[in-house]
Participant: 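Below you'll find the structure I mean.
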2 protein chains.
Amino acid sequence: MPSLPEPIRNLIFAFERLPGIGPKTASRLAFYLLRAPEEIAQNLANALNALKTATALCQVCFNITLVDQPVCDICTDPRRDEGLLCVVEEPLDVLVIEQTGGFSGRYHVLHGVLSPIEGIGPEDLKIQPLIERVKSGKIREIILATNPSMEGDATALYLHQQLAGSGVRITRLARGLPVGGDLEYADQNTLLRALAGRQDMS
Amino acid sequence: MPSLPEPIRNLIFAFERLPGIGPKTASRLAFYLLRAPEEIAQNLANALNALKTATALCQVCFNITLVDQPVCDICTDPRRDEGLLCVVEEPLDVLVIEQTGGFSGRYHVLHGVLSPIEGIGPEDLKIQPLIERVKSGKIREIILATNPSMEGDATALYLHQQLAGSGVRITRLARGLPVGGDLEYADQNTLLRALAGRQDMS
């Protein structure tokens, strides 16, 4: 970048390292912050600094929790069904499912998916603690809510094999047409899944 | 947001205050930083902190410069044409024009546009210093490169009136079809401008 003062260049580079932010957006953000009230950049800097020092993983479900609260709010909430466990890839998935308001069980965050290409095996994920949670005997059903992707499916398959003998019901999120979607724009695989998983109208 | 630890919530809110970043992107960025190497968040925080303390406005053209360098690189570059002045709204516009590699003159950054609705008048912009630069007598041509928007046009018109008696050539960036564009998708005004501004083929 020609003749751009280093502090701005550094900020643009720092923004560019974030996912989904390209050079154009990074420049726009940096120049926006230059003329915005100082407090906006300051708040962001402070929040970034606090992120890793103030957060930790829940000792039960491995979702994000506060450093001084080793078990997270969901795991300690007595109103949530201890028998229903939703297994997700990332903490963000917990947030997404919570926002639907349609799940009242608990979670288990794997922190990734199996990926032989990237050298990620079962020991790199929170799979062993999951097996131990299931062994504790309180769990009735496990919903494998990994992504409907190649890796997500492979991980769900692996977990299914590992947990098969436990006597626990194991389910996977339904596949089909997205709500509000259009048959015309659905890809072949989704349409095949929607056909195979067709349901009786009640 | 249900059951989200405060440090993440704060970071999501801080990201949401940036332009073009909605709640979904803000969550994605925050959760990405949670699992990314700490250095990525750290670099961003440091760059944010340095932004306002290390930068200042160039005393000549009001582009961004370093605190310890009161006149910017472009204004001090003897290879750049002192007689050709490009007037832009924001420092980011300087970057955009520099990236084309097609301009070898100097700049003047207004830091905004006239906007009666927002109460922004000539005295809120760097217009007086522009008039004084023109009076200095070294300038041959002024390119008014404010945005092709209502406010940008009004600002250009105002500047044209103010500078009319100075004997300096005053130009405005050409309007027309964007390169690679499609007649079919051009809006009426752009098409009208492209017709009115049609040029002889050489």
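Atom set for the values below is all heavy atoms of this structure, side chains included, hydrogens, waters and symmetry mates excluded. Numbered from 1 within each chain, the chains take letters A, B, ... in sequence-line order.
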Participant: Would you say the side chain of B/L4 lies within less than 4.5 Å of the side chain of A/V94, judging by non-hydrogen atoms?
Facilitator: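 A side-chain contact is absent here, since even the closest heavy-atom pair is not under 4.5 Å.
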
Participant: A/L48 versus B/L48: any side-chain heavy-atom pair under 4.5 Å?
Facilitator: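 Side chain of A/L48 against side chain of B/L48, heavy atoms only: contact under 4.5 Å found.
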
Participant: In terms of heavy-atom contacts, does CZ of B/R169 have more than 12 from other residues, nucleotides or ligands at under 6.0 Å?
Facilitator: no

Participant: Quick check on the interface: out of A/L18, A/T53, A/D77, who has the most heavy-atom pairs with chain B under 4.5 Å?
Facilitator: A/L18

Participant: Enter the distance from B/T55:OG1 to A/I8:CD1 here, rounded to the nearest 0.5 Å.
Facilitator: 6.0 Å

Participant: Among A/A36, A/A54, A/G20, A/P91, which residue forms the greatest number of heavy-atom pairs with chain B at distances under 4.5 Å?
Facilitator: A/P91

Participant: Please give me the minimum heavy-atom distance between A/T65 and B/P5, naming the atom from each residue.
Facilitator: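 So the two residues come closest at CA-CG, 3.8 Å.
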
Participant: State whether the number of non-hydrogen atoms from other residues, nucleotides or ligands found under 6.0 Å of B/E141 atom CD is greater than 12.
Facilitator: yes

Participant: Any chance CD of B/Q199 has more than 12 other-residue heavy atoms, nucleotides or ligands included, within less than 6.0 Å?
Facilitator: no

Participant: Which one wins on heavy-atom pair count under 4.5 Å against chain B: A/G112, A/P19, A/G101, A/A30?
Facilitator: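 The option with the most such pairs is A/P19.
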
Participant: Who wins among A/N10, A/L33, A/N43, A/I21 for the most heavy-atom pairs under 4.5 Å with chain B?
Facilitator: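 Going by pairs under 4.5 Å, I would pick A/L33.
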
Participant: Count the heavy atoms of every other residue, nucleotide or ligand shown that sit under 6.0 Å from CD of B/E118, and state whether that count exceeds 12.
Facilitator: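 No, because the 6.0 Å sphere around CD of B/E118 holds 12 heavy atoms or fewer from other groups.
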
Participant: Is it the side chain or the backbone of A/E38 that comes within 4.5 Å of chain B heavy atoms, both, or neither?
Facilitator: both

Participant: Please classify the contact of B/L44 with chain A as side chain, backbone, both or neither, using a heavy-atom distance under 4.5 Å.
Facilitator: both

Participant: Is it the backbone or the side chain of A/Q69 that comes under 4.5 Å from a heavy atom of chain B, or both, or neither?
Facilitator: neither

Participant: Taking the basic N atoms (NZ, or NE/NH1/NH2) and the acidic carboxylate oxygens, is any pair closer than 4.0 Å for B/E90 and A/R28?
Facilitator: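 Judged by the 4.0 Å cut-off on N to carboxylate O distance, B/E90 and A/R28 do not form a salt bridge.
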
Participant: Would you say that more than 12 heavy atoms from the other residues, nucleotides or ligands in this model lie under 6.0 Å from the CD of B/Q188, or not?
Facilitator: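 Check fails, neighbour count at 12 or below.
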
Participant: Tell me if the CZ atom of B/R193 is crowded by more than 12 foreign heavy atoms within 6.0 Å.
Facilitator: no

Participant: Against chain A, work out which of B/H111, B/Q42, B/R35, B/K24 has the most heavy-atom pairs shorter than 4.5 Å and name it.
Facilitator: B/R35

Participant: What heavy-atom pair brings A/N49 and B/A45 nearest, and what distance separates the two atoms?
Facilitator: OD1-CB, 3.5 Å

Participant: Tell me which of these, A/L66, A/T25, A/V96, has more heavy-atom pairs under 4.5 Å with chain B than the rest.
Facilitator: A/L66

Participant: With only heavy atoms counted, which part of A/L29 is less than 4.5 Å from chain B, the side chain, the backbone, both or neither?
Facilitator: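 Looking at A/L29, just its side chain touches chain B.
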
